[in-house]
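What follows is a single structure, written as structure tokens, with notes after it.
Positions are given from 1, in the same order as the sequence printed here.
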Amino acid sequence: MQIIAPDLRVETIDWKTAIDHVVDQSSLHPFQDTAIQFLEALSKHILLDRSMRAYPELMAMAHWLRKAHIFELKREYEQRTSDRYVLPRGTIIHFAPANVDSVFIYSWILSMLAGNKNIIRLSRRTNEQTDILMRKINDVITRPEFTAIASRTLLVRYGYEQEYTAYLSEHCDVRVLWGGDQSVRSIRAIPLAPNAVELVFPNRYSKSVLSADAVIQADEQAMAVLGKQFYNDALWYGQLACSSPRELFWVGTLESIATAKERFWNSLKQVLHKEHYKNEPALNMLRLTTSDYYAAQEQTGQVSAGYASAPVRVEVKEADFQLRDMHCGGGLFLEYSLPELQQLHQHIHERDQTLSYFGFERQQLAAWAMQIPNRGIDRIVPVGQALDFGSVWDGYDLFTYFSREIAIL
């Protein structure tokens, strides 16, 4: 086990001792000033670094950590708990996903704000963004004024050693699992402490629905904004984030959909050019072989692809949930044409998480959502907000799970 943060330059510390040190600390009060000041300092440390502009995902995360947003979360928390007696739950263990490691920051922060102690396990798989984030966290958390946060936080990295996971699971009050279905299954097989609870965020799948008429009627400025917002949703994490859209559903007549598609994809291509978006060669090859597989299926029609990192689009003629399992990310989109929004119901799977939309009214979507025939779809957001993290995620109110309530009658 490698201790990533806080980096206190203590090379000989035993991993059990490091874990026990965090577990033995007292909890903080919810939204304690020190926690808010730490998050404000971390946000500024990222936002004021010009070199960070090359990493829009981290800039968006730092924007989420701004003091103004933290106070919004505080007001939300206080409104929910104003007439109740709520305390931190204790020690929270977060298992970060290998493909989008930095997602741990959001559950860690919400747990910290609720007053908990936190241990985060990162996978052995490293990437540039995560390494930069670790350095930024260490720069701030090791400051003398944030000793209270450092003593209640531990970020570690290890592979599949069950000894480590078992020890962490024995010493936590909540276990938070982010990751693929197989990773979730393997960790869930390891017992928890009897009083502990578990939050599970397994493989999820997301999609977008666009009104063809709204795209046609949008002016050039609105189209430029739509293209940039969709780019942010779909491609910041190589289309691997659980809330990044992989399917696009067009609603309208066949003629209007054809016109809208041309405007939309041209707008996105302009954004890709401006952002210098580029896939790794191996991913482009995987997209090619995956699209070839799709092209061979009876349920699919035309497959459209441009230059190497341009979107690959697969026309799907009828619902087939098995096509989803082959999706590889990297700018591959399955496209459907629907005459009306109501027909989207037949394409909703229980694993669906986020539906981003353009050209529909909130009330219209709310009425549609109440008719969903299964547990699919936990979030419906405008295009551009698919990756925006909230205190309610995948149907869980995280502040509730990260707290315990004392009943006083």
Side-chain angles (χ1 to χ4, degrees), residues 60 100 103 106 178 201-215 218 222 225-252 257 260-261 264-265 267-268 311 313-316 318-325 327 329 331-398:
V100 189
V103 75
Y106 296 103
W178 299 89
F201 300 96
N203 285 341
R204 301 302 301 274
Y205 191 93
S206 296
K207 54 193 66 180
S208 288
V209 59
L210 294 86
S211 164
D213 287 343
V215 171
V225 171
L226 176 61
K228 182 63 165 64
Q229 290 176 330
F230 187 83
Y231 168 82
N232 293 348
D233 284 351
L235 298 174
W236 267 7
Y237 294 103
Q239 212 180 3
L240 295 178
C242 59
S243 53
S244 293
R246 303 185 184 190
E247 291 179 321
L248 265 70
F249 292 85
W250 293 96
V251 177
I257 289 174
K261 282 183 177 182
F264 176 81
W265 292 113
S267 177
L268 182 61
R313 300 158 48 200
V314 180
E315 178 189 0
V316 183
E318 60 184 77
D320 187 340
F321 293 132
Q322 292 183 353
L323 294 179
R324 300 149 43 109
D325 295 335
H327 203 289
L332 176 63
F333 299 94
L334 305 178
E335 286 190 284
Y336 299 76
S337 297
L338 304 176
E340 57 184 17
L341 179 63
Q342 196 67 20
Q343 292 195 10
L344 182 56
H345 281 149
Q346 63 184 298
H347 298 274
I348 301 301
H349 188 275
E350 291 184 351
R351 286 170 57 184
D352 289 342
Q353 184 212 60
T354 298
L355 176 68
S356 54
Y357 66 89
F358 179 81
F360 298 95
E361 297 294 329
R362 185 175 185 273
Q363 296 86 345
Q364 182 182 9
L365 290 162
W368 171 84
M370 296 305 294
Q371 303 300 319
I372 295 175
N374 52 40
R375 67 119 15 243
I377 301 296
D378 291 313
R379 303 171 67 233
I380 301 177
V381 301
V383 170
Q385 297 181 26
L387 299 181
D388 291 358
F389 198 87
S391 60
V392 176
W393 194 258
D394 278 13
Y396 294 119
D397 183 332
L398 295 182

Check step by step if side chain to side chain contact (heavy atoms under 4.5 Å, CB included) holds for Lys228 and Val383.
-> CA-CA 10 Å; Lys228 182 63 165 64; Val383 170; over 6 Å; no

When you compare the side chain of [Y] with that of [X], does any pair of heavy atoms fall below 4.5 Å?
X      : Y      : value
Phe264 : Phe358 : no
Phe360 : Ile380 : no
Leu365 : Leu341 : yes
Phe230 : Leu248 : yes
Thr354 : Asp233 : no
Trp393 : Ser243 : yes
Leu387 : Ser244 : yes
Arg351 : Asp325 : yes

State which residues pass ring-ring contact (aromatic ring centres under 6.0 Å, His included) with His327; sequence neighbours excluded, sorted by chain then number.
->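 By the ring-ring contact (aromatic ring centres under 6.0 Å, His included) rule, His327 matches no residue at all.
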
Find the distance between [atom1] ([X]) and [atom2] ([Y]) and round it off to the nearest 0.5 Å.
X      : Y      : atom1 : atom2 : result
Ile377 : Trp368 : CD1   : CH2   : 5.0 Å
Tyr357 : Gln364 : OH    : CD    : 10.0 Å
Asn374 : Ile348 : CG    : CD1   : 7.5 Å
Tyr336 : Glu318 : OH    : CD    : 9.5 Å
Leu334 : Arg313 : CG    : CZ    : 12.0 Å
Ser337 : Gln343 : OG    : CD    : 11.0 Å

Least distance between heavy atoms, [X] atom then [Y] atom:
X      : Y      : answer
Val314 : Leu332 : CG2-CD1, 4.0 Å
Ser267 : Gly227 : OG-CA, 3.6 Å
Phe333 : Pro245 : CE2-O, 3.6 Å
Gly359 : Ala214 : CA-CB, 3.5 Å
Val381 : Arg379 : CG1-NH2, 3.9 Å
Pro311 : Trp265 : CB-CZ3, 3.8 Å

Of Gln353, His349, Glu350, Glu247, which is the lone residue that meets side-chain contact (heavy atoms from CB on, under 4.5 Å) with Tyr205?
->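 The residue from Gln353, His349, Glu350, Glu247 that satisfies side-chain contact (heavy atoms from CB on, under 4.5 Å) with Tyr205 turns out to be Glu247.
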
Taking the six-membered ring for Trp, is the centroid-to-centroid distance between Phe249 and His347 below 6.0 Å?
->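 Ring centroids of Phe249 and His347 are less than 6.0 Å from each other.
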
Do Trp178 and Tyr106 make the cut of ring centroids closer than 6.0 angstrom?
->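 No - the distance between ring centres of Trp178 and Tyr106 does not fall below the 6.0 Å cut-off.
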
Show the numbers, then the answer: is there a side chain to side chain donor-acceptor pair (under 3.5 Å) between Ser208 and Ser356?
-> CA-CA 5 Å; Ser208 288; Ser356 54; 2.4 Å; yes

Only one of Arg375, Arg204, Arg324 passes side chain to side chain donor-acceptor pair (under 3.5 Å) with Asp352; say which it is.
->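 Option passing the side chain to side chain donor-acceptor pair (under 3.5 Å) with Asp352: Arg324.
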
Can you name the salt bridge (Lys or Arg N to Asp or Glu O under 4.0 Å) partners of Asp388, sequence neighbours left out?
->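 Salt bridge (Lys or Arg N to Asp or Glu O under 4.0 Å) check on Asp388 returns nothing, list empty.
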
Would you say Glu340 has more than 12 foreign heavy atoms packed within less than 6.0 Å of its CD?
->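 Enclosed.
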
